Amino acid sequence: MATTPNPFVRARYLLSAHNPRQLPSDGGFEVAFAGRSNAGKSSALNAICQQNALARVSKTPGRTQQLVFFDFTPTGTNPPGDKYLVDLPGYGYAKVPQDLQAHWQAFLESYFATRQALRGLVVVMDIRHPLKDYDRQMLGYAVRRELPAHVLLTKADKLSRGAAANTLQAVRMELSRAYGDTVSVQTFSGESKQGVEEARAVIGRWLEF
């Protein structure tokens, strides 16, 4: 039986937005990726899209200082497509000036409150350090908008199978208590590709692939 092609391999860099005026037109379908710096967000995006360098894996965590949009149309297509992955600024580690932090806070709050194309949020967390304050803040943005959210517990290959399963169960229970059934969770590893198909299925459903 022929395997279904992975639509995510078509993902290409489209633009970076530092303020709302630079965002693409607000139509179609978007899925945003958020995560603390060092959580493995770039590696997760690269694994899901089956590309080595779609999202830059920086040796200096927190380098993403803009909303980075990827679309799924061939390079040079005009107009671009109407399905996007959006890489949100890495947070929680980068030493950035206070006024820049305030700018990002306001931009993200506005983006989550008003962006009609947004269909879901993926929050990337290191399985060894899940559910930090920033993770909860991002989940809160999605829940207030009644958007579905999906948690990737990354770097699962760093734990034994039993320890990873225990952490998954604990996080699942805590998310259920806090957010009901609006937030799902899975284990994931960009290194071993564990959970990549499961993540693609969730995001593909939101993007209506």
Side-chain angles (χ1 to χ4, degrees), residues 7-8 11 14-15 17 19-36 39 41 44-45 48-49 55 64 66-72 80-92 101-127 130-154 167-188 195 197-209:
F8 291 95
L14 178 67
L15 59 83
N19 58 58
R21 293 188 305 279
Q22 296 170 329
L23 294 172
S25 62
D26 192 0
F29 305 88
E30 283 171 20
V31 172
F33 277 70
R36 283 175 59 82
K41 177 162 56 78
L45 272 163
I48 287 164
C49 295
T64 309
Q66 298 172 308
L67 269 68
V68 180
F69 280 73
F70 303 101
D71 78 339
F72 297 94
D82 63 350
K83 298 180 193 290
Y84 305 104
L85 297 179
V86 187
D87 189 3
L88 302 183
Y91 53 79
Q101 285 184 30
H103 165 79
W104 279 116
Q105 183 85 12
F107 189 5
L108 285 176
E109 285 179 2
S110 164
Y111 174 77
F112 275 99
T114 63
R115 190 74 176 167
Q116 295 304 303
L118 191 57
R119 292 296 190 268
L121 171 69
V122 176
V123 181
V124 178
M125 307 178 194
D126 186 326
I127 193 168
L131 288 172
K132 300 293 188 186
D133 287 345
Y134 279 111
D135 301 325
R136 296 175 194 278
Q137 179 183 351
M138 300 308 288
L139 290 170
Y141 284 146
V143 170
R144 282 194 292 278
R145 260 289 297 277
E146 298 184 345
L147 288 168
H150 187 63
V151 171
L152 300 183
L153 295 175
T154 60
T167 302
L168 175 64
Q169 183 64 17
V171 170
R172 182 174 280 139
M173 287 176 64
E174 189 163 342
L175 290 171
S176 179
R177 277 198 301 269
Y179 308 111
D181 61 359
T182 59
V183 181
S184 50
V185 59
Q186 66 165 100
T187 53
F188 187 95
E197 289 293 342
E198 183 181 347
R200 279 183 195 143
V202 172
I203 299 160
R205 198 163 59 243
W206 292 344
L207 289 174
E208 296 194 3
F209 273 143

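In this chain, numbering begins with 1 at the start of the sequence shown. Keep in mind the model is a prediction, meaning the values are calculated, not measured.
- A salt bridge links R136 and E174; the closest N-O separation between the charged side-chain nitrogens and carboxylate oxygens is under 4.0 Å.
- Closest approach of L108 to P89, counting heavy atoms only: CD2-CD, 4.2 Å.
- Interatomic distance, Q116 CD to E30 CD, rounded to the nearest 0.5 Å: 10.5 Å.
- Below 30°, between 30° and 60°, or above 60°: for H103 and F107 the angle between ring planes is between 30° and 60°, a tilted geometry.
- Contact check on K41 versus D87 returns a salt bridge, with a Lys/Arg side-chain nitrogen under 4.0 Å from an Asp/Glu carboxylate oxygen.
- Salt bridge present: D26 and R115 bring a charged side-chain N and a carboxylate O closer than 4.0 Å.
- Annotation for V185 and V171: closest pair CG2-CG1, 4.0 Å, computed over non-hydrogen atoms.
- By the 4.5 Å heavy-atom criterion applied to side chains, V183 and V123 are not counted as neighbours.
- Contact record, G27 with Y84: O-CE1, 4.4 Å, taken as the closest heavy-atom pair.
- Under the side-chain contact (heavy atoms from CB on, under 4.5 Å) rule, V151 has a single partner from M125, M138, Q186, which is M125.
- The CG atom of L14 sits 4.5 Å away from the CG atom of D71 when rounded to the nearest 0.5 Å.
- Between L131 and L175, some side-chain heavy-atom pair lies under the 4.5 Å cut-off.
- Under the 4.5 Å side-chain criterion, counting only non-hydrogen atoms from C-beta, L207 is in contact with F8.
- Counting all heavy atoms, side chain and backbone alike, C49 lies closest to L85 at SG-CD1, 3.7 Å.
- Inter-residue side-chain proximity for L15 and P24 is flagged as met; some heavy-atom pair is nearer than 4.5 Å.
- Under the 4.5 Å side-chain criterion, counting only non-hydrogen atoms from C-beta, Q101 is not in contact with W104.
- T182 places none of its side-chain heavy atoms less than 4.5 Å from the side chain of L139.
- For the residue pair E109 and Q105, a side-chain donor N or O sits within less than 3.5 Å of a side-chain acceptor on the partner.
- Taking each heavy atom of L121 and A34 in turn, the nearest pair found is CD1-CB, 4.0 Å.
- Within the 4.5 Å cutoff, the side chain of L67 has heavy atoms near those of the L88 side chain.
- Checking H150, R172, E198 one by one against S184, the side chain to side chain donor-acceptor pair (under 3.5 Å) holds for a single residue, H150.
- Closest of all the heavy-atom pairs between V124 and D135 is O-OD1, 4.4 Å.
- A ring-centre distance under 6.0 Å is not found for Y111 and Y141.
- Judged purely by atom type and a 3.5 angstrom limit, R119 has no side-chain atom pairing as donor or acceptor with the backbone of W206.
- Atoms CG and CG, from L147 and L118 in turn, are 5.0 Å apart once rounded to the nearest 0.5 Å.
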Working note: K83 + F209, criterion side chain to side chain contact (heavy atoms under 4.5 Å, CB included); need CA distance, chi angles, decisive distance, verdict.
CA-CA 9 Å; K83 298 180 193 290; F209 273 143; 3.5 Å; yes

What verdict does the side chain to side chain contact (heavy atoms under 4.5 Å, CB included) test give for I127 and F188, after you've listed the backbone C-alpha separation in whole Å, the side-chain angles of each residue and the deciding distance to 0.1 Å?
CA-CA 9 Å; I127 193 168; F188 187 95; over 6 Å; no

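- Between the side chain of R200 and the backbone N or O of I48 there is at least one donor-acceptor pair closer than 3.5 Å.
- Using a 4.5 Å cut-off on side-chain heavy atoms (C-beta onward), P148 and V202 make no contact.
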